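Each remark here refers to the structure printed beneath this line.
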Amino acid sequence: MFGHVSEKTRKEVTSKGSGGMEVILSSLEVLMTLITSVSSQTGVFVSKGGTAVLLHLLVSSSKDPPANEELMLHIHSLLGKVGLKDRKFGVKARLNGALNVTLNLVKHNLQNYKLLLPCLQVLRVYSSNLVNAVSLGKSGALEIMFEIIGPFSKKMTSITALLCVCSSGMNARRAVDRGHLPTLLAIYQDWHRNDTRHRHVVIRKSILGCIKNLTNIKLGRKAFIDANGMRILYNTSTSDENEATEVDTENDTEYEEDETGQKTQLHRPIIIPTTPSSLGPQNRHPLREDLLTPKSDESPLELDSISISKRPEGTADPDLVCSLGRLVLDAGVNGDSVDGPQEEGGEQAVLEVPDTAALLPLHDPDLYLEMVKSTRSVPAYTEVAYPDYFGHVALNLREPILERVYGVQRTKIFQDIERLIHSSDILDKVVYDLDNQRSVFIDNGESLKFNSKFESGNLRKAVQVRKFEYDLILNSDINSNHYHQWFYFEVGNMRPGVRYRFNIINCEKSNSQFNYGMQVLMYSVQDAINGSPHWVRTGSDICYYKNHFSRSSIAAGGQKGKSYFTLTFTVTFQHKDDVCYFAYHYPYTYSMLKMHLQKLSALRTAQIYYRQDDLCETLGGNSCPLLTITAMPESSSNDHISQFKSRPVVFLSARVHPGETNSSWVMKGTLEFLMSCSPQAQSLRESYIFKIIPMLNPDGVINGNHRCSLSGEDLNRQWQSPNAELHPTIYHAKSLLQYLRATGRTPLVFCDYHGHSRKKNVFMYGCSIKETVWQTNVNTSTCELHEDLGYRTLPKLLSQMAPVFSLSSCSFVVERSKEATARVVVWREIGVQRSYTMESTLCGCDQGKYKGLQIGTSELEEMGAQFCLALLRLRRFTSPLELHNHNSHPLDTENDLIDTRSIPNITSPTTYVLEEDEPAFLEEVDYSAESNDENDPDLQDNHALPDPNSDSEFSRQDSLN
């Protein structure tokens with residue numbers, strides 16, 4: 001029918017002299033009736049070329065003034081509806097010359113509301129095309145719009161049309177230059193004042209949209225401030241509490257210039273810090289003050305002159321934290337110690353710490369300090385954080401995911417705006433600055449004391465903005481100008497019972513689990529001395545939102561206008577003169593790893609084969625440990641030795657991203673299980689040879705980086721072509737894998753432990769050709785894909801065994817942006833079918849027995865042990881042929897476990913579309929694999945099977961062969 005109507009309309013247009021106007025109007029009425037009654041008919045009309053007919057009719061009818069008002073009314077009413085369905089409407093209108101026709105109609109019918117409203121609707125659709133918006137602006141559309149809009153009225157269409165016109169930067173500048181921004185503010189005030197029943201919120205929102213478009217340019221922001229716009233909008237937003245609604249711009253995931261790239265040996269003293277200025281005289285013990293607090297003219301007390309005594313729990317002096325001075329150890333260039341001050345009678349000073357040996361068998365404060373001596377950092381850290389020294393005992397009580405109070409984000413944003421309105425109330429006092437350490441900060445005893453000069457510490461600057469509020473700025477990764485996420489710092493000189501607000505204002509990720517119940521971690525030294533050495537989840541009024549600070553194009557990767565985000569939380573301290581530490585997640589330092597490995601080696605029995613080698617030396621001069629764990633052969637007979645050497649290899653790694661400390665806690669659970677004496681552990685050791693790199697990025701961990709190594713690069717994007725000088729740990733790890741493959745020892749399983757900042761639970765990313773093809777909608781009829789489902793076995797087993805593991809969150813799609821990651825390279829180049837990234841949440845769980853709880857170190861370590869048990873069960877589903885020939889394609893031996901007919905049901909939604917597992921946000925969130933990019937990358941169209949003939953190069957040999 002539409003084809004018939006269109007043809008008839010064309011004939012009538014070309015023969016106007018025949019008096020066919022009534023026929024044209026009748027045809028247009030029929031079209032309007034059809035389009036209005038059946039919405040699907042609009043698309044049919046567009047597909048038949050109806051848009052071009054209407055535009056041609058509009059232009060032709062306007063050539064013989066005066067135009068027929070009824071005809072113009074019908075045409076614009078139809079165009080207003082058709083234009084919304086035609087994606088090329090703007091281009092068609094511009095090419096047909098319809099823009100000025102409609103604009104002239106508006107100009108000459110300002111008081112004719114019957115015709116004006118349809119014309120404004122069409123202008124709005126025209127302006128959705130940026131080129132059209134610029135053209136209309138040059139033709140005077142802005143001036144016409146401001147003639148139409150005014151004080152409180154109901155001409156909403158003119159405002160929405162103006163909103164579209166102002167979307168162009170050129171038009172925004174034109175509007176600002178002609179002084180229209182104060183006019184918009186006045187109009188908004190009038191609408192807000194008169195719309196007391198909130199019936200026209202859409203109109204008010206459109207006015208705000210116009211103001212926003214104008215302030216997108218620098219000139220507009222200046223005009224906005226000059227017009228007192230901040231105060232106007234603040235007053236209108238807070239004037240009526242009934243109008244207040246949650247403005248959750250909830251968003252889901254790094255700034256410092258390189259200081260030095262040189263390898264620095266640790267020759268400075270290492271100090272256990274407190275905040276000496278926070279110690280009140282009434283809380284000090286004179287003897288300890290004299291012995292432990294170094295005076296300005298004395299050398300600091302050295303480790304060799306101090307003995308550590310352990311006091312039973314519950315008997316610690318409640319004020320002992322206040323009497324702890326700075327414990328200093330001097331590594332000495334030649335290892336020689338220097339005599340330090342001692343007590344009278346020659347006795348050594350005594351530092352009393354809680355006895356946690358029974359609860360922490362792998363922790364030893366003395367040993368930890370010894371490990372710190374050989375740890376090399378770029379800043380040459382001179383202090384040791386109390387939590388790393390005392391140790392952390394996992395809490396027995398559950399910590400539920402925090403339920404955020406409704407309206408808290410709105411309140412926090414208003415408080416931030418008040419700074420700009422009442423700037424005289426802002427202290428703006430710098431109390432900590434790593435870039436200006438020689439400056440003496442004026443202290444009146446009212447400010448908190450900050451410190452981050454210890455291993456894995458990260459805090460660059462602290463600014464006191466109000467009496468109990470502080471803005472905090474994080475360091476970027478070394479040799480990088482971004483990746484602000486990880487934080488770990490000390491706070492002292494607090495008052496108990498006071499609500500302190502902390503704002504980390506240079507976060508970069510567009511969203512965070514802090515918007516979904518995750519809390520920061522705090523460690524109280526006072527509590528530790530009193531027998532509770534715990535990292536605990538803390539903080540209230542927690543939210544994460546975009547702030548008004550803009551990132552430079554350099555820091556934003558060449559993109560202009562990207563904003564920073566603020567993490568804000570409020571803490572009430574319980575103890576006076578305490579020293580507390582805050583962290584993004586449970587810290588796990590490189591020195592802690594070395595201590596744990598030394599303690600684990602002491603657990604070795606005659607049945608355990610345990611060897612620790614140095615994989616390589618890092619850029620910073622630190623060693624990267626490589627562990628080999630298996631069961632000792634039963635005897636030295638040829639059969640037993642042959643069986644010993646023929647065990648399949650499992651290759652595990654962790655902590656390539658320093659800020660993902662949860663991966664180290666999972667690895668700790670794996671290592672402790674492997675070294676245990678349980679029958680399952682012995683059976684596991686007899687089944688596999690484990691090659692383990694527990695920390696792939698020691699330098700990043702030591703220096704408080706979030707994602708990069710000292711080269712300023714993400715090491716998990718260097719696996720395709722690692723450089724031996726810049727990426728030594730990746731280069732040598734890949735070389736070892738290539739060696740294993742070349743000698744017929746391709747690992748049965750490869751798993752890289754990671755942490756995920758924007759999802760809950762623990763889950764895996766694997767590699768599958770079929771699922772990648774399905775995801776990219778490739779025509780599989782032309783692809784001969786024969787892929788075994790063995791890659792699904794381990795995740796399936798984990799979902800049955802580990803309460804924190806979620807199979808529905810797993811994905812086996814190989815994305816283009818992940819081609820250089822460990823998971824994909826090991827799968828494609830080494831030929832490991834079961835190649836995984838295992839992601840552990842930083843927040844908590846939304847399923848299983850831990851549902852609604854924040855995750856702790858005990859749950860993470862449990863996950864590491866459950867991974868081992870799953871490997872033990874995996875042996876049952878693996879054929880002997882596959883165990884001895886890892887380069888061949890696996891047999892279909894896992895089909896009993898996974899029904900191939902139910903693949904669509906087993907496969908999670910994230911396998912096909914990487915969906916968010918949280919409510920929708922105003923901004924897009926990247927939940928893809930190991931990426932921290934803000935946009936989901938395109939998926940690769942296809943991947944070839946791993947090539948068994950790829951070249952191998954290796955730098956070390958395995959002594960087991």
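What you see is a predicted model; the values in this text were computed from it and never measured.
- Salt-bridge annotation for Glu672 and Lys668: present, with a side-chain N of the basic residue lying under 4.0 Å from a carboxylate O of the acidic one.
- For the pair Glu859 and Arg398, the salt-bridge criterion is met [side-chain N within less than 4.0 Å of a carboxylate O].
- The closest side-chain heavy-atom distance from Ile830 to Phe651 is not below 4.5 Å.
- Side-chain contact between Leu593 and Ser664 is absent, with no heavy atoms from C-beta onward closer than 4.5 Å.
- The closest donor-acceptor contact from the side chain of Tyr584 to the backbone of Glu660 lies at 3.5 Å or more, if one exists at all.
- With sequence neighbours left out, the side-chain contact (heavy atoms from CB on, under 4.5 Å) criterion links Ala820 to Gln720.
- Across Tyr791 and Arg834, no two heavy atoms sit closer than the pair CA-CG, 4.3 Å.
- Under the 4.5 Å side-chain criterion, counting only non-hydrogen atoms from C-beta, Ser711 is in contact with Leu619.
- For Lys734 and Tyr731, the positive end is not near the middle of the six-membered ring at less than 6.0 Å and at most 45° from its axis.
- Side chains of Glu686 and Met632 form no contact here, defined as non-hydrogen atoms less than 4.5 Å apart.
- Contact detail for Ser817 and Arg717: the closest heavy-atom pair is O-NE, 3.8 Å.
- To the nearest 0.5 Å, the span separating SG on Cys751 from NE2 on His754 amounts to 9.0 Å.
- Under the side chain to side chain donor-acceptor pair (under 3.5 Å) criterion, Lys599 pairs with no residue at all, not counting sequence neighbours.
- In this structure a side-chain-to-backbone donor-acceptor pair under 3.5 Å is present from Asn515 to Tyr544.
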Would Phe644 and Tyr609 satisfy ring-ring contact (aromatic ring centres under 6.0 Å, His included), going step by step from the backbone distance to the final call? CA-CA 10 Å; Phe644 173 79; Tyr609 181 98; 5.7 Å; yes

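- Of the possible donor and acceptor atoms, one in the side chain of Thr670 sits under 3.5 Å from a partner among the backbone N and O of Gly864.
- Under the 4.5 Å side-chain criterion, counting only non-hydrogen atoms from C-beta, Lys691 is not in contact with Leu652.
- Atom CE of Met667 sits about 8.0 Å away from atom CE of Met838, to the nearest 0.5 Å.
- For Tyr586, the side chain to side chain donor-acceptor pair (under 3.5 Å) criterion is met by no residue, not counting sequence neighbours.
- The OG atom of Ser663 sits 9.5 Å away from atom CG of Leu696, with the distance rounded to the nearest 0.5 Å.
- Side-chain contact between Leu684 and Phe673 is present, with at least one heavy-atom pair separated by less than 4.5 Å.
- Checking side-chain atoms of Thr746 against main-chain N and O of Gly831 turns up no donor-acceptor pair under 3.5 Å.
- Between Trp665 and Tyr588, the ring planes lie perpendicular to each other; the angle is over 60°, past the 30° to 60° tilted range.
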Test side chain to side chain contact (heavy atoms under 4.5 Å, CB included) on Cys845 and Lys760; report intermediate values, then the result. CA-CA 5 Å; Cys845 301; Lys760 292 183 171 67; 5.8 Å; no

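- Dense packing is recorded around CD of Gln643, with more than 12 heavy atoms of other residues, nucleotides or ligands lying under 6.0 Å away.
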Under the side chain to side chain contact (heavy atoms under 4.5 Å, CB included) criterion, do Glu713 and Gln718 qualify, and how do the steps go? CA-CA 8 Å; Glu713 298 171 286; Gln718 310 304 323; 3.8 Å; yes

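- Of the inter-residue distances, the one linking Glu815 atom CD with Cys767 atom SG reads 10.5 Å to the nearest 0.5 angstrom.
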Worked check of side chain to side chain contact (heavy atoms under 4.5 Å, CB included) between Gln680 and Leu872: CA-CA 8 Å; Gln680 295 96 332; Leu872 189 58; 4.1 Å; yes

Candidate pair Thr618 and Asp699, rule side-chain hydrogen bond (donor to acceptor under 3.5 Å, both in side chains), full reasoning: CA-CA 7 Å; Thr618 66; Asp699 290 342; 2.8 Å; yes

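- Of the possible polar contacts, one joining the Arg823 side chain to the Gly766 backbone as a donor-acceptor pair under 3.5 Å is found.
- Applying the side chain to side chain donor-acceptor pair (under 3.5 Å) criterion to His585, with sequence neighbours excluded, gives no partner residue.
- For Asn697 (side chain) and Val656 (main-chain N/O), a donor-acceptor pair under 3.5 Å exists by modelled atom type.
- Heavy-atom minimum distance, Ser653 versus Phe750: OG-CZ, 4.0 Å.
- In this structure a side-chain-to-backbone donor-acceptor pair under 3.5 Å is present from Asn662 to Ser840.
- What you find for Ala631 and Gln682 is that their closest heavy atoms are CB-NE2, 3.8 Å.
- Interatomic distance, CD of Gln612 versus OG of Ser623, reported as 7.5 Å (0.5 Å rounding).
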Could you go step by step and tell me if Phe690 and Thr630 meet the side chain to side chain contact (heavy atoms under 4.5 Å, CB included) rule? CA-CA 6 Å; Phe690 287 88; Thr630 187; 5.9 Å; no

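- In terms of the side chain to side chain donor-acceptor pair (under 3.5 Å) criterion, Thr729 has no residue partners (sequence neighbours excluded).
- The main-chain N or O of Gly712 is never found under 3.5 Å from a side-chain atom of Asp477 such that the two would form a donor-acceptor pair.
- A donor atom on one side chain and an acceptor atom on the other are not found under 3.5 Å apart for Asn716 and Thr821.
- Judged purely by atom type and a 3.5 angstrom limit, Arg875 uses its side chain to pair as donor or acceptor with the backbone of Ser687.
- Looking only at distances, no side-chain donor or acceptor of Ser809 sits under 3.5 Å from a matching main-chain atom of Ser806.
- For Tyr753 and Phe867, the ring centers sit closer than 6.0 Å to each other.
- In this structure, CG in Leu798 is found 5.0 Å from CZ in Phe805, a value given to the nearest 0.5 Å.
- Taking 4.5 Å as the limit, some side-chain heavy atom of Arg655 sits within range of a side-chain heavy atom of Val701.
- Counting only heavy atoms from C-beta outward, the side chains of Leu736 and Leu626 approach each other to under 4.5 Å.
- Every residue was checked against the ring pair (Phe, Tyr, Trp, His ring centres under 6.0 Å) condition with Tyr836, not counting sequence neighbours, and none meets it.
- One finds a salt bridge joining Asp714 and Arg707 here, because a Lys/Arg side-chain nitrogen approaches an Asp/Glu carboxylate oxygen to under 4.0 Å.
- Shortest non-hydrogen contact noted between Leu671 and Ile692 is CD2-CD1, 3.7 Å.
- Heavy atoms only, all atoms of each residue included: Glu399 and Arg537 are closest at OE2-N, 2.8 Å.
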